[in-house]
Asks: 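Dumping the structure here so I can ask a few things about it.
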There are 2 protein chains.
Amino acid sequence: MTVPTGRRERKKAATRQKIADAALRLFLERGYDAVGIRDVAAEADVAVTTLFAHFASKEALVFEQDRDFEHRLTRAVTDRAPHEPLVPALRREVLALVRHCTADGAAPIRRMVDGSPALREYEESMRLRHAESLAAAIAADPGLTQGTTVCRTIARFAVDAYSLAREAPDPEAALDEIFRMIEAAWEVTRPPRCG
Amino acid sequence: MTVPTGRRERKKAATRQKIADAALRLFLERGYDAVGIRDVAAEADVAVTTLFAHFASKEALVFEQDRDFEHRLTRAVTDRAPHEPLVPALRREVLALVRHCTADGAAPIRRMVDGSPALREYEESMRLRHAESLAAAIAADPGLTQGTTVCRTIARFAVDAYSLAREAPDPEAALDEIFRMIEAAWEVTRPPRCG
DNA sequence: TTTCGAAAACCTAACCGTTAGTGTTACGGT
DNA sequence: ACCGTAACACTAACGGTTAGGTTTTCGAAA
């Protein structure tokens, strides 16, 4: 029950990293579909079972970089300045995420993902899970009184904004447009108040 | 180039139906995961390759009934009364779809789908495809001037409404709530006009 | 009616992601 | 120094899916 801070953990992390690196290298080199799990395992000098001990699926190998996506979304809600309205905080974070994934460095990976239906499907389903976490974070905000349905809806809309904006010709302009809509959707859920 | 209305088509449709029936029967009887593709093919007295000539995947077997979902959504837009506003037409159709799938008869299938991550994932990704078709239908409406991003956004929101409402304790009340939000989102996209 | 092209179905054998079962090694706490 | 266990390895399989090539069945033109 002690704090686990030893060589064991470092080795584990190193193995994981070695697998992810090998996978990405091979995928970008030969294409996602042309590379088998056994190839990746061999390249990383690791048993297939070990690979699956670190990654739940072949697709998960591709989204190693996105691991903090979910966390960043929920933190944008929970860690925002006191009394800062929800939607602008969401907008700011989603904008950062969109910028991050439309940066030049991420282009080859994006091309790979867009080229594989399996990867696109996996990503969308991952985002839906993120939306659920986000909904929970919103629902837990003591400053908000909206019901579960509204929270889940806004969370889903925010994640939609991310994927829609990413695919638009001008991502940032699209994000502006979508968040104007989300803002309006959120406004009509406020409890009636005078003024 | 003649009109294909012969026995051939009937036999093909019959085979497809036979496979779908066998699949659903076995799935409901033993559970989705406990039934293999080879079992279904044997039960339908058909070769495995034939099965995959009719259905793209194992999951597709489950959603045979939903085949018109996409079509109904787009028709709700294209076939609505002249000058009928978009969002209420969408709302009406989504409500009908929600009612249809929360009906008592569909309960065993719903339970099966909810119990299998693979099926849930497949369904969500299917709905996203439907949202794309819906977006195209909306964008093609000559009475509307909104851009592609807005159309895709509203389409996505409408499909979200379907899946969120379905999972809510009171689906119809949830749908009301969500469509109030969608209506507001849509309103702010109108070109500025006096009155 | 006969003939012929093509669609539909068949069979076999594999491919590939994934998992179970079972050891083996290396670390961390006692 | 010792033991429990987490990490890794190896083999063999399972289950969805596809490739390859053959046979059957229909539709229509000759």
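Throughout, a chain's letter reflects where its sequence line sits, starting with A, and its residues are numbered from 1. Predicted model, so just to flag it, every value in this text is computed and none were measured.
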Asks: Counting heavy atoms from C-beta on, name the nucleotide in dT17(D), dC10(C), dA9(D) closest to the side chain of Thr50(A).
Replies: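 Looking only at heavy atoms from C-beta outward on Thr50(A), the closest nucleotide is dA9(D).
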Asks: CZ of Phe27(B) versus C1' of dG16(D): gap in Å, rounded?
Replies: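 To the nearest whole Å, that distance equals 11 Å.
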Asks: Would you say Thr15(B) places a side-chain N or O within less than 4.0 Å of OP1 or OP2 belonging to dA9(C)?
Replies: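 Indeed, a polar side-chain atom of Thr15(B) lies that close.
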Asks: Report the distance from atom CG of Asp39(A) to atom P of dT18(C), rounded to the nearest whole Å.
Replies: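 Computing the Asp39(A):CG to dT18(C):P distance gives 14 Å.
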Asks: Would Lys58(B) count as a cation-pi partner of Tyr122(B), with NZ or CZ less than 6.0 Å from the six-membered ring centre and within 45° of the ring normal?
Replies: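 Output no; distance or angle outside limits.
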Asks: Once you round it to whole Å, what is the distance between P of dT18(C) and CZ of Phe52(A)?
Replies: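 For the pair Phe52(A) CZ and dT18(C) P, the rounded distance is 4 Å.
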Asks: Should Leu119(A) and Ile37(A) be regarded as members of a common hydrophobic cluster, given that ILVMFWY residues are connected when their side-chain heavy atoms come within less than 4.5 Å of each other, either directly or indirectly?
Replies: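 Yes, same cluster.
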Asks: Write down the distance between CZ (Arg16(A)) and P (dC8(D)), rounded to a whole number of angstrom.
Replies: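 Answer to the nearest Å: 11 Å.
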Asks: Touch check for Asp33(A), heavy atoms < 4.0 angstrom, all strands: base, sugar-phosphate only, or nothing?
Replies: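 Nothing: the residue Asp33(A), judged by heavy atoms under 4.0 Å, touches no strand.
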Asks: Using a distance-only criterion (donor-acceptor N/O pair, under 3.5 Å, no hydrogens), is the base of dG17(C) paired with the side chain of Arg38(A)?
Replies: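 Flag set: donor-acceptor pair detected.
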Asks: Can you check the Phe55(A) CZ to dC8(D) C1' distance for me, whole Å?
Replies: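 Answer to the nearest Å: 15 Å.
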Asks: For a quick test of reading the model: is some side-chain N or O of Lys11(A) closer than 4.0 Å to OP1 or OP2 of dC27(C)?
Replies: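 Yes, such a contact exists.
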Asks: Do Arg8(B) side-chain and dT25(D) base share a donor-acceptor contact under 3.5 Å?
Replies: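 Answer yes: a donor N or O sits under 3.5 Å from an acceptor.
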Asks: Using whole Å, what does the distance between atom P of nucleotide dT18(D) and atom CD1 of Ile37(B) come to?
Replies: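 Rounded to the whole Å, the gap is 10 Å.
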Asks: Taking any heavy-atom pair under 4.0 Å as a contact, classify Val40(A): base, sugar-phosphate, or nothing.
Replies: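 Nothing, no heavy atom under 4.0 Å.
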Asks: Starting at CZ of Arg10(A) and ending at C1' of dA26(C), how long is that distance when rounded to a whole Å?
Replies: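 For the pair Arg10(A) CZ and dA26(C) C1', the rounded distance is 13 Å.
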Asks: Flag yes if more than 12 heavy atoms outside Arg75(A) fall under 6.0 Å of its CZ atom; otherwise flag no.
Replies: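 For Arg75(A), atom CZ is not crowded (no more than 12 foreign heavy atoms under 6.0 Å).
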Asks: When you check the phosphate oxygens OP1 and OP2 of dC8(D), does a side-chain N or O of His54(A) lie under 4.0 Å from one of them?
Replies: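 Yes.
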Asks: Please check the phosphate of dT17(D) (OP1 and OP2 only) for any side-chain N or O of Thr49(B) closer than 4.0 Å.
Replies: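 No, because none of the side-chain N or O atoms of Thr49(B) sits under 4.0 Å from OP1 or OP2 of dT17(D).
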Asks: Could you tell me the separation between the CZ atom of Arg7(A) and the P atom of dC27(C), rounded to a whole number of Å?
Replies: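 Atom CZ in Arg7(A) sits about 5 Å away from atom P in dC27(C).
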Asks: Once side chain to side chain donor-acceptor pair (under 3.5 Å) is applied, do any residues pair with Asp33(B), and if so which ones, sequence neighbours excluded?
Replies: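 None.
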Asks: What contact category does Val48(B) fall into here, base, sugar-phosphate, or nothing, at under 4.0 angstrom with non-hydrogen atoms?
Replies: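 Base, at least one base atom sits under 4.0 Å.
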Asks: For Asp45(A), report the nucleic acid contact type (base, sugar-phosphate, nothing); a contact means any heavy atom under 4.0 Å.
Replies: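 If one applies the 4.0 Å heavy-atom cut-off, Asp45(A) turns out to touch the sugar-phosphate alone, with no base involved.
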Asks: Only distances under 3.5 Å count here; give the side-chain donor-acceptor pairs of residues 38-54 of chain A to other protein atoms, sequence neighbours excluded, each with its distance to 0.1 Å.
Replies:
{"residue": "Asp39(A)", "atom": "OD2", "partner": "Gly36(A)", "partner atom": "N", "Å": "2.9"}
{"residue": "Glu43(A)", "atom": "OE2", "partner": "Arg25(A)", "partner atom": "NH1", "Å": "2.3"}

